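Remarks on the structure that follows.
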Amino acid sequence: MRNDIVKRSAGKDERGDDIPQLASDLPISGLALSGGGIRSAAFSLGVMQGLEAVRGDFLDNLDYMSTVSGGGYMGGSVIAGLLQKGKFPYPSLLGKQETVGTKHIRDYASYLNPHGFGDVLAGLITLARGLLINAVIFSGVILTLVAATVLLKPTKDSLADPLFPAPSCLSGLGWFPWTVVAFAFFFAVQLAYTLIALRSGSGRMAEIRLTTREGSDRLFTWFLRACFLIFALECQPYVLLAMVTVADWPDKLAVAAGKAIEPKHVNALADLLHWLGFGGPVTFTVLLGVATTLAAFSKKLLAILGTTAGDASWSGSMKRWASKAGLYLVALIVPFLLWLVYLRLCFAALHATPPSNAGVFVLLALVLIALALFVSPNANSLHRYFRDRLSRAFIWDGHALGPDDPSIGFPSPTSRLPKGTDLDRLKLSHLTKAGAPAAWHDAWKRGPYLLVNTSVNLEGSHYLNQRGRNADSFFFSPLFSGSSATGYASTRQLEQIHPDLDLPTAIAISGAAASANMGASTIPALTFSLAVLNIRLGYWLPNPLFAGVWKQKSLVASIGPFYYAMEVVGKLRETTRNVYLTDGGHFDNLGVYELLRRHCKVIVVADAEADPAMTFDSLVRLQRYARIDRGILIDLPWPAICAASKAVTPTSTRGAAGDPSLCHGPHVAVGRVDYGLDTQGKREYGVLIYLKSSLTGDESDLIRDYLRRNAAFPHETTLDQFFSEEQFEVYRALGFHIANNFFAGRDKAAMLPADTLDDWPEQVGHALRRLQLSAAAVKRIVDRQKAAA
């Protein structure tokens with residue numbers, strides 16, 4: 001049941017490869033923990049504690065635990081705890097001390113800087129180191145261009161002539177002869193093509209195959225781009241000529257002012273004007289600061305675009321256009337800065353004694369390019385810093401933390417893993433016994449099968465990206481890892497190919513929210529700028545497609561600049577030796593997609609995404625993907641949760657009615673999953689139990705007091721990954737409140753009409769019994785389902 005063996009169907013995908021299908025013969029169940037950073041981790045902890053309080057061995061009744069991003073923080077932490085304790089490591093204990101593991105998680109609520117400024121400084125150093133590596137890569141390219149420019153234009157006087165020598169017959173075409181020739185030829189070809197099209201009635205166009213016509217169109221677009229490139233190249237000497245001319249102005253001004261100013265002040269004035277001049281240090285600093293600031297708020301600008309899309313008012317239009325302008329400003333500033341670097345280097349070369357300049361630049365370029373070739377694909381990413389902070393916070397070592405209080409009744413940490421086990425290097429495949437893929441680790445036999453969901457970015461895919469998703473679902477598990485696009489490989493095999501792959505690495509990849517390439521969340525205009533500014537948490541992993549023929553010392557697979565260039569231009573594909581993985585939320589932020597592929601009959605979802613407008617975006621996207629990709633229909637009555645939650649405000653924490661006795665839910669919706677016909681031709685259904693981070697007014701004083709002071713709760717921005725003790729506790733307490741009250745049968749839930757199916761209430765009851773809930777709790781929930789109109 002938990003082996004997750006990959007089977008091959010007779011069907012073929014767009015590439016002609018077999019479509020993988022996963023075994024789903026048994027009535028399996030799964031728990032999905034959504035994305036949302038540390039907010040989701042705290043909420044997921046509370047949900048699992050609420051389940052544990054209702055049913056102590058709840059993990060034994062789950063076949064799968066599917067995690068995304070922040071849900072993965074806690075999912076991975078539960079695994080590490082299970083291996084050491086043999087049972088759920090975070091029970092909610094009334095009247096007793098918390099476990100050492102729970103205390104540790106609380107201590108690391110601000111996991112990126114648990115020790116204060118020193119951790120922040122370490123993060124800044126990591127960012128700067130990545131920027132330095134990026135600078136080495138780009139400097140090699142820029143210096144090559146500078147050397148070529150100096151060779152073509154070795155003196156100031158030569159700047160007044162066209163970049164490329166033109167024959168005498170073109171002398172009358174002015175400063176841009178080759179641009180004129182290129183565009184004239186392009187328009188001549190278009191005219192000829194149009195004349196042929198006009199004769200299509202005689203069958204000329206019909207004689208040309210569709211693929212040939214499409215190929216011609218693509219060729220024309222590249223031809224037009226080449227024309228603009230030639231124009232840009234021919235502009236460079238004249239830009240440099242303008243710089244040389246303008247550069248003389250400060251000296252002339254200083255000489256003019258020198259009659260009334262002392263010589264030392266004249267020199268200082270000239271230096272200041274040079275600093276403030278075109279491409280000077282001040283210009284660089286200001287532009288870089290603006291680019292970084294706007295990049296940090298790019299998601300906010302994108303959110304404004306989304307919320308004002310249907311607003312036809314004057315203010316809505318202004319916000320929309322201002323946001324677009326901000327996005328394009330970020331997109332233009334970074335390329336402009338790189339262009340300034342090129343111009344300043346050319347300018348400096350022209351002021352020195354040429355002919356040796358070109359040789360110096362060529363030598364420097366070759367040195368930098370050679371250095372760049374030694375950069376591995378993940379060397380300049382922020383992944384390692386992020387991964388290590390997550391590992392320290394969530395993959396704790398029970399031996400180092402010490403034993404729990406004996407009154408708690410937990411096993412000693414020495415009773416499970418041998419002392420000295422490096423949990424920071426815990427492999428996913430180590431959940432199984434070596435050499436026996438179907439035999440499970442003794443401390444893990446009764447745990448759910450782990451799925452760590454990520455997104456494989458495929459903006460440049462020729463077959464997958466027709467619908468603009470830019471990504472496919474990619475998962476890590478103890479036995480297999482991969483995606484439909486890349487195929488699947490043994491996790492143990494991938495770990496041998498790539499020794500850095502382990503549990504902390506997997507959960508860090510799953511939470512890699514900030515990246516130049518973000519699947520469906522990619523902002524194409526910012527891809528280049530974000531990559532250059534090193535806002536990159538993603539990870540390059542060996543492609544499972546090549547796992548069977550992989551050579552560990554493959555030269556192409558280890559050249560970092562090649563893969564970095566693919567990130568920069570947003571042309572990531574599933575056919576390269578390495579593939580680029582980011583946050584699972586860039587495809588499915590709920591972690592449910594892979595459970596649907598396995599036809600789970602009972603799915604419990606803990607959704608803690610940031611959804612302040614309560615639009616349930618991730619759920620709606622999941623419904624669309626499930627319908628299109630798998631032919632699966634999801635029917636969930638979530639509007640009732642939305643209505644109840646919107647009635648709770650910082651000034652009305654008891655809801656619109658103000659009566660806590662009327663406020664017991666709904667935080668939960670119980671819906672139906674229609675899988676279509678099974679192998680016997682019968683309709684196959686599943687039950688979806690959806691727990692939404694929401695408020696109804698019956699929460700504890702702690703939660704309602706926090707809401708009074710923090711209006712965004714429980715949907716504070718995911719950018720906040722520095723939680724205080726109070727902040728972590730209110731999200732944990734909310735998760736506990738929602739799960740415990742529903743599964744104990746105390747809270748109302750949003751239900752489908754009882755006549756949805758003839759036996760729908762009985763199916764809901766059957767699903768709840770699979771979770772081993774008490775008979776009384778099942779009866780209360782089913783009675784409410786029967787009464788649903």
Side-chain angles (χ1 to χ4, degrees), residues 128-166 175 178 229-251 267 270-285 287-288 334-376 379-380 528 531-534 559-562 564-565 568:
R129 188 164 56 237
L131 287 171
L132 178 61
I133 295 174
N134 293 352
V136 169
I137 295 172
F138 278 101
S139 295
V141 177
I142 291 173
L143 288 173
T144 302
L145 296 175
V146 171
T149 303
V150 172
L151 284 172
L152 291 169
K153 298 293 178 184
T155 63
K156 297 179 184 178
D157 295 336
S158 64
L159 294 175
D161 301 323
L163 178 62
F164 303 109
W175 284 8
W178 294 110
L229 177 61
I230 293 171
F231 172 71
L233 291 174
E234 287 201 307
C235 279
Q236 301 311 304
Y238 308 122
V239 174
L240 287 170
L241 180 62
M243 287 181 66
V244 170
T245 304
V246 172
D248 294 333
W249 291 356
D251 295 328
N267 294 332
D271 291 341
L272 176 62
L273 291 173
H274 279 298
W275 258 70
L276 295 173
F278 184 72
V282 173
T283 306
F284 278 109
T285 303
L287 289 176
L288 186 60
V334 174
F336 182 66
L337 282 172
L338 295 175
W339 184 51
L340 285 185
V341 172
Y342 157 77
L343 291 175
R344 292 293 293 185
L345 289 173
C346 290
F347 179 79
L350 290 169
H351 274 72
T353 34
S356 62
N357 284 345
V360 171
F361 283 115
V362 168
L363 180 61
L364 287 174
L366 290 175
V367 170
L368 291 173
I369 291 172
L371 285 174
L373 293 178
F374 288 96
V375 175
S376 64
N380 53 336
F528 181 87
V532 173
L533 294 173
N534 208 38
I559 298 178
F562 170 74
Y564 180 61
V568 169

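Predicted model only: the values in this text are computed from it and were never measured. By convention here, the first residue in the shown sequence is residue 1.
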*Quick one: side-chain contact (heavy atoms from CB on, under 4.5 Å) partners of Q236, sequence neighbours excluded?*
W339, Y342, L343
*asked:* Nearest 0.5 angstrom please: I369 CD1 to L364 CG, how far?
replied: 11.0 Å
*Note, T149 side chain near F361 side chain (heavy atom, < 4.5 Å)*: no
*Residues two or more places apart in sequence or in another chain: which of them pass side-chain contact (heavy atoms from CB on, under 4.5 Å) with A379?*
I133, V375, S376
*With sequence neighbours left out, write down each residue that passes side-chain contact (heavy atoms from CB on, under 4.5 Å) with Y238, or none if nothing qualifies.*
P162, W175, F176
_Here's a test for you: under side-chain contact (heavy atoms from CB on, under 4.5 Å), which of I142, L143, L373, T144 qualifies with L368?_
L143
*Considering non-hydrogen atoms only, spot the tightest contact between A160 and L241 and give its length.*
CA-CD2, 4.2 Å
*Within a strict 4.5 Å, meaning less than it, do heavy atoms of the L337 and V532 side chains meet?*
no
*Dump the intermediate steps for side-chain contact (heavy atoms from CB on, under 4.5 Å) on L345 and V341, then the final yes or no.*
CA-CA 6 Å; L345 289 173; V341 172; 4.1 Å; yes
*Identify the heavy atoms of S158 and K153 that sit nearest to each other, and give their distance.*
O-NZ, 3.0 Å
*Please round to the nearest 0.5 Å and tell me the distance separating atom CD of E234 and atom CG of L229.*
10.5 Å
*So, the side chain of N534 versus the backbone of N380: is there a donor-acceptor pair under 3.5 Å, distance only?*
yes
_Please give me the minimum heavy-atom distance between A531 and Y564, naming the atom from each residue._
O-OH, 2.8 Å
*What are the two closest non-hydrogen atoms of A365 and G140, and how far apart are they?*
CB-O, 3.7 Å
_To the nearest 0.5 Å, what is the distance between CG on N134 and OG on S139?_
10.0 Å
*Approximate separation, where rounding is to 0.5 Å, of L132 CG and I137 CD1*: 10.0 Å
